[in-house]
Amino acid sequence: AQSVTQLGSHVSVSEGALVLLRCNYSSSVPPYLFWYVQYPNQGLQLLLKYTSAATLVKGINGFEAEFKKSETSFHLTKPSAHMSDAAEYFCAVSDKAAGNKLTFGGGTRVLVKP
Amino acid sequence: GAVVSQHPSRVICKSGTSVKIECRSLDFQATTMFWYRQFPKQSLMLMATSNEGSKATYEQGVEKDKFLINHASLTLSTLTVTSAHPEDSSFYICSARSLGSGRAYNEQFFGPGTRLTVL
C-alpha cells in the first residue's frame, strides 16, 4: 500500500527566505510523486511531478523537488519565499499497484511573514 | 487546456434533502473521474473512482447508497449526496483523467471544489 507523510503541518517563513517542505513516501513499486498547492476554498493546482525521468524536478512559481529513492523522499523547495506562496501544500503518491490512484499526505500550511 | 469545472461552487441545504454536484472536463475527454472530500484543515480523501459507462468503485467506508455517482459521458460526472446530514458538510473536489496517450502516467486535473453545508 502506498502512503505519504508530510513532516510539519505548519511552516512559517520570512519573505525572501528558503521554503522547505518535507515529504516521505512508501510505495511497493516505483512511484509517481506530486506536489500540489491549494489556496483557500479552491481546488488543487499541480506544482510539479516526478514520473521516473530526472530526479530533480522543476515546477511552476520557482518551486523544485528532488526525488531521493534511498531516502524515500520528495522534498519541495523554493529559494526565496514570496507572500503569494502562503497556501496549503500537499504531497501525493501514485503507483500502478494502486491503480494510479492518488494518495495525499496530510498537508503543510505555509505562512509567509513580511 | 485541461480545465475541470464544478457546479455549484457552494450549496447550503436542509438536513434530509439531496444535493447534486456536477464535475465537467471542459476541453478534454475524461475516461476516469475521481471524487474526493476534504474536511476543514485536513487532507483530501478519495471517495470513489468513476469510469465512463460503468459503475463507480467506492473506497472502503464510503456508503455508495448515500453518495451516488454517475459518469454518463466522457465529460460529465455527478455526485449526489442523498438525505444529507450536517456531518456530510464538507468540501467536495473532483478530478478528471484523460484517455491514455501513450504516456506512463496520465495526470489528474482537479476541479475548484464545491462547499456543501447541511443545516
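Bear in mind that the values here come from a model prediction, so they are computed numbers and not experimental data. Numbered from 1 within each chain, the chains take letters A, B, ... in sequence-line order.
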State, with a plain yes or no, whether a side-chain heavy atom of B/R10 is found less than 4.5 Å away from one of A/N41.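 When only atoms from C-beta onward are counted, A/N41 and B/R10 do touch, with a gap below 4.5 Å.
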Answer whether the closest heavy-atom distance between the side chains of A/F90 and B/Q38 falls below 4.5 Å.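 When only atoms from C-beta onward are counted, B/Q38 and A/F90 do touch, with a gap below 4.5 Å.
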Which heavy-atom pair separates [X] from [Y] by the least distance, and what is that distance?
{"X": "B/S43", "Y": "A/G106", "answer": "CB-CA, 3.9 Å"}
{"X": "A/Q42", "Y": "B/F91", "answer": "O-CE2, 3.4 Å"}
{"X": "B/Q108", "Y": "A/Y36", "answer": "O-OH, 4.1 Å"}

Indicate, with yes or no, if [Y] and [X] share a hydrophobic cluster defined by side-chain heavy-atom contacts under 4.5 Å among Ile, Leu, Val, Met, Phe, Trp and Tyr.
{"X": "A/I60", "Y": "A/Y32", "answer": "no"}
{"X": "B/L76", "Y": "B/V4", "answer": "no"}
{"X": "B/V118", "Y": "B/W35", "answer": "yes"}
{"X": "A/L47", "Y": "A/V93", "answer": "yes"}
{"X": "A/V57", "Y": "A/F63", "answer": "yes"}

What residues of residues 12-21 of chain A make heavy-atom contacts with chain B at a cutoff under 4.5 angstrom?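 Residues in range: none.
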Has B/K66 got more than 12 heavy atoms of other residues, nucleotides or ligands less than 6.0 Å from its NZ?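 Yes - once you tally the heavy atoms of other residues, nucleotides and ligands closer than 6.0 Å, there are more than 12.
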For B/R115, look at atom CZ and say whether over 12 heavy atoms of other residues, nucleotides or ligands are found less than 6.0 Å away.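 Yes, because the 6.0 Å sphere around CZ of B/R115 holds more than 12 heavy atoms from other groups.
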Could you tell me the separation between the CZ atom of B/F109 and the CG atom of A/L46, rounded to the nearest 0.5 Å?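 The distance works out to 8.0 Å.
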Between CG on residue A/L44 and OH on residue B/Y36, distance to nearest 0.5 Å: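 Taking CG in A/L44 and OH in B/Y36, the distance rounds to 9.0 Å.
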Report the option among A/E88, A/Q45, A/R109, A/Q38 that has the most heavy-atom pairs separated by less than 4.5 Å from atoms of chain B.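 So the answer, after comparing A/E88, A/Q45, A/R109, A/Q38, is A/Q38.
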At under 4.5 Å between heavy atoms, what parts of residues 44-52 of chain B are in contact with chain A? List them by residue number.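 Contacts with chain A: B/L44, B/L46, B/T49.
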